Amino acid sequence: MAPKKLRRARLSQELCERLSRYQITTCQDFLCLSLLDLMKVTGQSYRNVQKLLCKVSLACAPKMQTAYEMKVRRAVNPSSAFLSTSLHGLDKVLHGGVPCGSLTEITSPPGCGKTQFCIMMSVLATLPVSMGGLDGAVIYIDTESAFSAERLVEIAGNRFPAYFDSDEKLFSMTRSIYLYRELTCGSVLKRIKSLEEEIISKKVKLIIIDSVASVVRKEFDTKLQGNLTERSNFLARGASLLKYLAEEFSIPVILTNQITTWLSNGLAIQADLVSPADDLCLSEGASGGGKRESGSVTAALGNTWSHSVNTRLILQYHDLPTRQILVAKSPVAPFSAFFYTVEKSGFVLQDGKDQTNLTWEGTNPALQNIKPATLHLEGKLSSELTLISEREKKPRAPAIRSFSGGNSLGCFLSDHWDLPARAGQK
Amino acid sequence: MQRDVGSLPLAPALRARLVAAGFQTAQELLDTGPCGLSKEIGISKEEALEALQVVRQECHSDATQTAGAPGTSRKCTALELLEQEQAQGFIITFCSALDNILGGGVQLTKITEICGEPGVGKTQLCMQLAVDVQIPECFGGLAGEAVFIDTEGSFMVDRVVDVATACVQHCQLIAEAHQEEDHLKALETFSLESILSHIYYFRCRDYIELLAQVYLLPDFLSEHSKVRLVVIDGIAFPFRHDFEDLSLRTRLLNGLAQQLIIIANDHKAAVVLTNQMTTRIGQSQSTLVPALGESWGHAATVRLIFHWDNNQRLATLYKSPSQKESTIPYHITVSALL
């Protein structure tokens, strides 16, 4: 996606040479100049400059399609428009499943099942089209080292026992899932840039990044000056690269996110006023005087990131072991909620307790309240979120180890709170 | 005729030569003729002829402007404007409360900006408008076509199909109730297929493609003269990252706004833009404000802000030259925005 050189815009040779003397070599530089600057630089009259502008614009502008052509193209290949999640209720609401060609985000408190969902989708993508899959390879970028190949095989064997009846089939499925472990923001970005060629050569049909938030939050501390802008830049650049890949190859992209606390009356933190200040995280100033701010838990990475993703699914705790999956943001689906449990075969929807609110509930997807798993712990840990300083004073409650759902406070320092291996559920 | 040579839209080098040779007014140039000019300045006869043609055209358009001829001039009385505005149509949104606060619907020849948080319904409204602009005149619509420029990739054809199907059904119900000749005739051409074929979709991936597309829009609109709506979904997205030079951004945005105003006026089209919200950190609290800065606020004539109030979606008319500020609730259903 490097900017196009002017030579390829069919401008004459001498004009290109003259422009390169002023350091204008790409279409980008050309279009950014004002008309008077262009007249000076090209030495041409006003009308000629307008004609040149049209020529260069023609080289850069996108192709037109009518909505009808798009619909026909989708109708010709209906299975290629969505990746079915094999959860019937969810698929119905989403008009088919996880949409191809756009970004889908899964957010949840730790231990709710994001990685499980990603592993399940990887299996589904490798299935043949007749079974609802995409018959292709999967690229799995793992930043938390949470991917477990054994769990992959377990889900495949238990969910589709009729199809994966031989070891041969299981191995060929695992061969088509390419796992990359990236541990820094820079390497993630580099990996995404290199994906274009891999998608073509390996016939990839699904990209999963698990998780975006962990690697971003390790490197950017939003309390420091300037970090907020850099973080937003990184996220925006990553999002536009992924959108380009998703649309160009018409494949789904699944990203996972973490949660953060949003304090309802906001904080004045050190931030550049130019950039959007998204993640209002807890800072020492808030805990002044031991006063507790009432806050709510919501998806991390801020407002701008919520604009960039097209679909947002939220997983949250309900009454253990049941959890809930919410469709918080989708261009085709209304706000809906389903109950599910995590079994050997992956996700299983609870049909009886379907709560499909096909009307207009729900709220701002960037601020949607998420329930962390606090409901079952009484005594020392309250159901409200406590601030870091207060939490450090309390000893780790022993109840957590036996609590198979993972972290109860839902705070974002996931390094400390990462899940131990859950017996029977991993 | 007395126009100064320095102000003519010629190539700078040529202009410099003319001034150095002592020419002062356009009349002098015209009197000299191409051969004399080429000898005095030292340019070829073809170049001289070209320059004279430019000068002649400039002076001609100047003359018609001073004479007050209609068409090319942009001068008219307020009475003419009033008549024009009253005869002009609106693009209805099918949400009567929203139409009321807008004074009838989205106005033609004006830029309307829709700001809102993610997921609140901006793209839904744009898709709705792209269908509503095509309603035939006998049903109260404009029978126009729509250009949809998408920078975020949130245009979903399936959703447009839902909205268009509902719109066609709505018109069919009206036709059955009234049973008039022209209603039935209009319905023959107003089908799902025709609606979708008249939405011209452009996917711009970065700000360069967006700038290029807006430069090419006037030609496109001259070819497709029935276009009455230009939607740019996500004017903020390409300008919010990768821009170290903020003054360049402001200049490009202002240029874009000016071009869109010219397009809206010349082709009698409505321009609808969607914007994102950003957080502004204040002394003790932070508020959500429309993105792209303060100077961008001047670009749009009408500004609508969509926001949430717990579970209810609200639309506020934030800036309008003719309607007063008000807030209304709305819902998004399968078929439309209500």
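In what follows, chains are A, B, ... by sequence order, proteins preceding strands, each numbered from 1. Predicted model, so just to flag it, every value in this text is computed and none were measured.
In terms of heavy-atom pairs under 4.5 angstrom with chain B, the leader among Glu247(A), Met39(A), Gln50(A) is Glu247(A). The most heavy-atom pairs under 4.5 Å with chain A, out of Leu216(B), Leu10(B), Leu211(B), come from Leu216(B). Ranked by non-hydrogen atom pairs under 4.5 Å with chain A, the options Asp158(B), Asp162(B), Asp219(B), Leu14(B) are led by Asp158(B). Heavy-atom pairs under 4.5 Å with chain A were tallied for Glu193(B), Met127(B), Gln213(B); the largest tally goes to Glu193(B). Comparing Arg251(B), Gln276(B), Met156(B) by heavy-atom pairs within less than 4.5 Å of chain A, the highest count is held by Gln276(B).
When heavy atoms are compared at a cutoff of 4.5 Å, Val160(B) does not approach chain A at all. Heavy-atom distances place the side chain of Leu252(B), and not its backbone, under 4.5 Å from chain A. The contact between Leu58(A) and chain B is made by backbone and side chain atoms together, counting heavy-atom distances below 4.5 Å. Contacts between Phe148(B) and chain A at a heavy-atom distance below 4.5 Å are absent for every atom of the residue. At a 4.5 Å heavy-atom cutoff, the contact between Lys71(A) and chain B is made by backbone and side-chain atoms alike. Using a 4.5 Å cut-off between heavy atoms, Gln44(A) contacts chain B through its backbone alone, with no side-chain atom that close. For a residue to count as touching a neighbouring chain, one of its non-hydrogen atoms must lie under 4.5 Å from one of that chain's; by this rule Leu33(A) touches chain B with the backbone only. Proximity to chain A (any heavy atom under 4.5 Å) is shown, for Val289(B), by neither the backbone nor the side chain. Heavy-atom distances place the side chain of Leu53(A), and not its backbone, under 4.5 Å from chain B. Both the backbone and the side chain of Ser34(A) come within contact range of chain B, each with at least one heavy atom under 4.5 Å from a heavy atom of that chain. If you measure heavy-atom distances from Ser154(B) to chain A, the contacts under 4.5 Å come from both the backbone and the side chain. Heavy atoms of His95(A) lying under 4.5 Å from chain B belong exclusively to its side chain.
For the pair Trp305(A) and Pro118(B), the minimum side-chain heavy-atom distance is 4.5 Å or more. Looking only at side-chain heavy atoms (C-beta outward), Lys122(B) and His307(A) come within less than 4.5 Å of each other. Taking 4.5 Å as the limit, some side-chain heavy atom of Arg205(B) sits within range of a side-chain heavy atom of Tyr244(A).
Residues Pro62(A) and Phe202(B) approach most closely at O-CD2, 3.9 Å, considering heavy atoms. The two atoms that bring Ala11(B) and Gly43(A) nearest to each other are CB-O, 3.2 Å, heavy atoms only. Between Ser197(B) and Thr66(A), the shortest heavy-atom contact is O-CG2, 3.3 Å. In plain terms, the two heavy atoms of Phe155(B) and Ala67(A) that are nearest each other are CZ-CB, 4.4 Å. Of all heavy-atom pairs spanning Ser45(A) and Pro9(B), the tightest one is CB-O, 3.4 Å.
When the shell of 6.0 Å around OH of Tyr46(A) is examined, it contains 12 or fewer heavy atoms from other residues, nucleotides or ligands. The number of heavy-atom neighbours closer than 6.0 Å to CD of Gln258(B), taken from other residues, nucleotides and ligands shown, is 12 or below. Other residues, nucleotides and ligands contribute at most 12 non-hydrogen atoms within 6.0 Å of the CD atom of Glu294(B).
To the nearest 0.5 Å, atom CG of residue Leu192(B) and atom OH of residue Tyr68(A) are 8.0 Å apart. Interatomic distance, Glu152(B) CD to Ser102(A) OG, rounded to the nearest 0.5 Å: 12.0 Å.
For the residue pair Gln28(A) / Tyr207(B), a side-chain donor-acceptor distance below 3.5 Å is found, with atom types taken as modelled.
Formation of a donor-acceptor pair under 3.5 Å by the Gln124(B) side chain with backbone atoms of Pro331(A) is found in this model.
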